[in-house]
Amino acid sequence: MSHDLFEAASAAMSKAYAPYSKFPVGAALRTQDGRIFAGCNIEVASYPEGWCAETTALGHYIMGGGGKITEIAVVAERMARITPCGGCRQRLAEFSTPDTKLYLCDETGIVQTVTMGEMLPFGFSGVVLKQA
Ligand code: THU
């Protein structure tokens, strides 16, 4: 079943707009009820304005109604296996749980499976003990 999420991430990667880095990335999320949302990285001539594949996928996920994310796949080429950048780990954590599975892929398939809890230990939760 996880292979279809890799396939969705891979299809998204083929749509990447990455003329500056020439490093296409694809990401796909599955919700508990089986919906899949995918995204690619989108770069901009003013480099810091570009954004990651995971962020595009999260935009589709929110617009598609959200829900509990149970699995995430990220894929890139020319890398043993891609791991989400720090900012995307925090964004993914916002909408997933520590047991959400994360498939780290190369262009041929899933190389390693980890959990979001393993990928972002001690992530910022925003929970404060006392109101100001
Ligand atoms: N990139 C992603 O899309 N996801 C990541 O988790 C890491 C980096 C993109 C951003 C940029 O377009 C390119 O990879 C090179 O950094």
Side-chain angles (χ1 to χ4, degrees):
M1 265 301 275
S2 51
H3 191 74
D4 65 340
L5 207 61
F6 162 74
E7 295 285 352
S10 211
M13 179 174 68
S14 70
K15 295 182 178 171
Y17 178 73
Y20 306 106
S21 72
K22 301 196 186 330
F23 187 72
V25 182
L29 325 167
R30 193 192 330 264
T31 56
Q32 199 162 33
D33 56 7
R35 288 167 298 139
I36 291 178
F37 302 98
C40 61
N41 53 332
I42 303 174
E43 298 181 348
V44 174
S46 176
Y47 300 163
E49 301 305 328
W51 65 92
C52 291
E54 296 90 329
T55 301
T56 304
L58 284 170
H60 285 142
Y61 152 82
I62 288 291
M63 290 306 293
K68 179 176 161 52
I69 298 176
T70 54
E71 293 167 277
I72 302 164
V74 189
V75 62
E77 296 166 341
R78 298 181 285 119
M79 211 173 248
R81 82 267 184 283
I82 184 167
T83 52
C85 80
C88 284
R89 291 178 200 197
Q90 187 76 41
R91 290 189 194 99
L92 292 167
E94 181 76 23
F95 304 104
S96 58
T97 53
D99 66 339
T100 296
K101 285 187 194 133
L102 179 56
Y103 305 123
L104 310 175
C105 310
D106 67 9
E107 64 266 37
T108 65
I110 296 167
V111 174
Q112 193 176 347
T113 302
V114 296
T115 63
M116 276 303 298
E118 289 169 320
M119 192 79 325
L120 186 67
F122 302 105
F124 180 68
S125 76
V127 176
V128 293
L129 296 178
K130 289 181 186 165
Q131 292 302 323

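As the structure lists them, so they are numbered: ligands from 1, and atoms in each ligand from 1. In this text the structure is predicted, and so the values were computed from the model without any measurement.
Counting heavy atoms from C-beta outward, Leu58 and Leu92 have side chains that approach closer than 4.5 Å. In this structure, Val114 and Gln112 have side chains that are in contact, with non-hydrogen atoms separated by less than 4.5 Å.
Legend: residues meeting side chain to side chain contact (heavy atoms under 4.5 Å, CB included) with Arg35, ordered by chain and number and at least two apart, are Thr31, Asp33, Phe37.
Within the structure, ring pair (Phe, Tyr, Trp, His ring centres under 6.0 Å) pairs that include any residue of residues 88-116 comprise Tyr61-Phe95 (at least two apart or interchain). For residues 11-25, the side-chain hydrogen bond (donor to acceptor under 3.5 Å, both in side chains) pairs, not counting sequence neighbours, are Ser21-Glu43.
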Go ahead and list the nitrogen or oxygen contacts between ligand 1 and the protein that come in under 3.5 Å, distances to 0.1 Å, or just say none.
unit_1: ligand 1; atom_1: 3 (O); unit_2: Ala53; atom_2: N; d: 2.9
unit_1: ligand 1; atom_1: 4 (N); unit_2: Glu54; atom_2: OE1; d: 2.9
unit_1: ligand 1; atom_1: 6 (O); unit_2: Glu54; atom_2: OE1; d: 3.4
unit_1: ligand 1; atom_1: 6 (O); unit_2: Glu54; atom_2: OE2; d: 2.7
unit_1: ligand 1; atom_1: 6 (O); unit_2: Cys85; atom_2: N; d: 3.0
unit_1: ligand 1; atom_1: 12 (O); unit_2: Asn41; atom_2: ND2; d: 2.9
unit_1: ligand 1; atom_1: 12 (O); unit_2: Glu43; atom_2: OE2; d: 2.5

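The side chain to side chain contact (heavy atoms under 4.5 Å, CB included) test with Val74 singles out one residue from Leu29, Leu102, Leu5, Thr83, and that residue is Leu102.
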